[in-house]
Amino acid sequence: MAGKFFCVLLIIAIALYGIYNIGTSGGGFDRFIAYAILMLCGFAIGVIFIRAFLPGIAERIVDELLWGRRYNRKAPPLLSPVYGHLECGHYDRAAEALRELLEKDSDNPLLWLLLVQAERDGGHPEAARDTIKLRFLRRHRFPAPENTQLLEIYAQLASPGETVWVAKEIARRVYTPAEREFLRKLFHSITS
C-alpha cells in the first residue's frame, strides 16, 4: 500500500510541475506539452487510485470489459425443453439435452449449473461432483455468479479430502470479496 501511495505522490509532483510550466511557459508548443503531461498525470492518478483503493470495482470493470463482449455475441441456448424435463422429473433427459447444448456452447455457466442440478437431483451425485470438477479444471472460463453456486453444490457433495483444488479457485480474482468470504467459510467448515 505504501508503494502505491508513493506512486500517487510522485505523479502529483509531476502534475504540479506541469501546472508550474503552464504558468511560466511562453510559447504555444510548451503549453501543449505541459497540458499533455498534466492530463497523463491525472489519468495515472485516477487509475492508481481505483486500483489501489477500490479493487472490487476495478476487477468488475476489467472482467466485464474482457469477458462480456465475447459471451454476449452468442445467441442464448433454447432451454425451455430442459426446464420442461426438469419440472417433470425427467432428469436423465434433461442431462442429455444439456450435454448436447454444452457441445455447442461449452463456455455457458448456466448450462453447467443446470447439468449439475439435473445429475444431482436425478440420483447421480458422483456424476454431479465430477461435472463440477470438469467445469473448474477448464482453462478458459469467465466470471459468473453460477460459479459460486456450483462451488456451493460441490461443498454439499464432496468429502473433505476432495476439496484441495477449491482453495486455488477461491483465490482467483473472479469472485467478489463477499463471495470469496462465503466460500472460504463454507469450505473451512467442511475441512474442519
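Heads up: numbering here begins at 1 and tracks the sequence. Only this structure's heavy atoms are used, side chains among them; waters, hydrogens and symmetry mates stay out. As the structure is a prediction and not an experimental result, all values here were calculated from the model.
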Does the pair I153 and L113 meet the rule for a side chain to side chain contact (heavy atoms under 4.5 Å, CB included), with working shown?
CA-CA 9 Å; I153 293 171; L113 179 62; 3.9 Å; yes
Tell me, with the steps shown, if I132 and R135 meet side chain to side chain contact (heavy atoms under 4.5 Å, CB included).
CA-CA 5 Å; I132 293 171; R135 161 77 176 147; 5.6 Å; no
F187 vs Y154, test: side chain to side chain contact (heavy atoms under 4.5 Å, CB included). Steps then yes/no.
CA-CA 10 Å; F187 283 96; Y154 188 78; 4.1 Å; yes
Sort out for me which residue in R120, E126, E119 forms a side-chain hydrogen bond (donor to acceptor under 3.5 Å, both in side chains) with T131.
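Between T131 and the candidates, side-chain hydrogen bond (donor to acceptor under 3.5 Å, both in side chains) is satisfied uniquely by E119.
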Quick one: [atom1] on [X] to [atom2] on [Y], what's the gap to the nearest 0.5 Å?
X	Y	atom1	atom2	result
L111	L101	CG	CG	5.5 Å
L186	H188	CG	NE2	11.5 Å
L151	E179	CG	CD	9.5 Å

Considering all heavy atoms, the nearest F182-T148 contact:
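Taking F182 first and T148 second, the nearest heavy atoms are CD2-CG2, 4.4 Å.
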Throw together a table of side-chain donor-acceptor distances under 3.5 angstrom for residues 77-87, partners on residues two or more places apart or in other chains.
none

Cut-off 3.5 Å, no hydrogens considered: what does the side-chain donor-acceptor table look like for residues 88-98, sequence neighbours left out?
residue, atom, partner, partner atom, Å
H90, ND1, R93, NH1, 3.3

Within the 4.5 Å heavy-atom criterion, are Q117 and L114 side-chain neighbours or not?
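They are in side-chain contact.
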Determine whether Q156 and P125 make a side-chain contact, defined as any pair of heavy atoms from C-beta on separated by less than 4.5 Å.
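No, side chains not in contact.
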Run the salt-bridge test on K133 and E169 with the 4.0 Å N-O cut-off and return the result as yes or no.
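Here K133 does not pair with E169 in a salt bridge, since their nearest N and O are not under 4.0 Å apart.
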Where do L134 and W112 land on the side chain to side chain contact (heavy atoms under 4.5 Å, CB included) test, with the steps shown first?
CA-CA 10 Å; L134 181 64; W112 286 95; 3.9 Å; yes
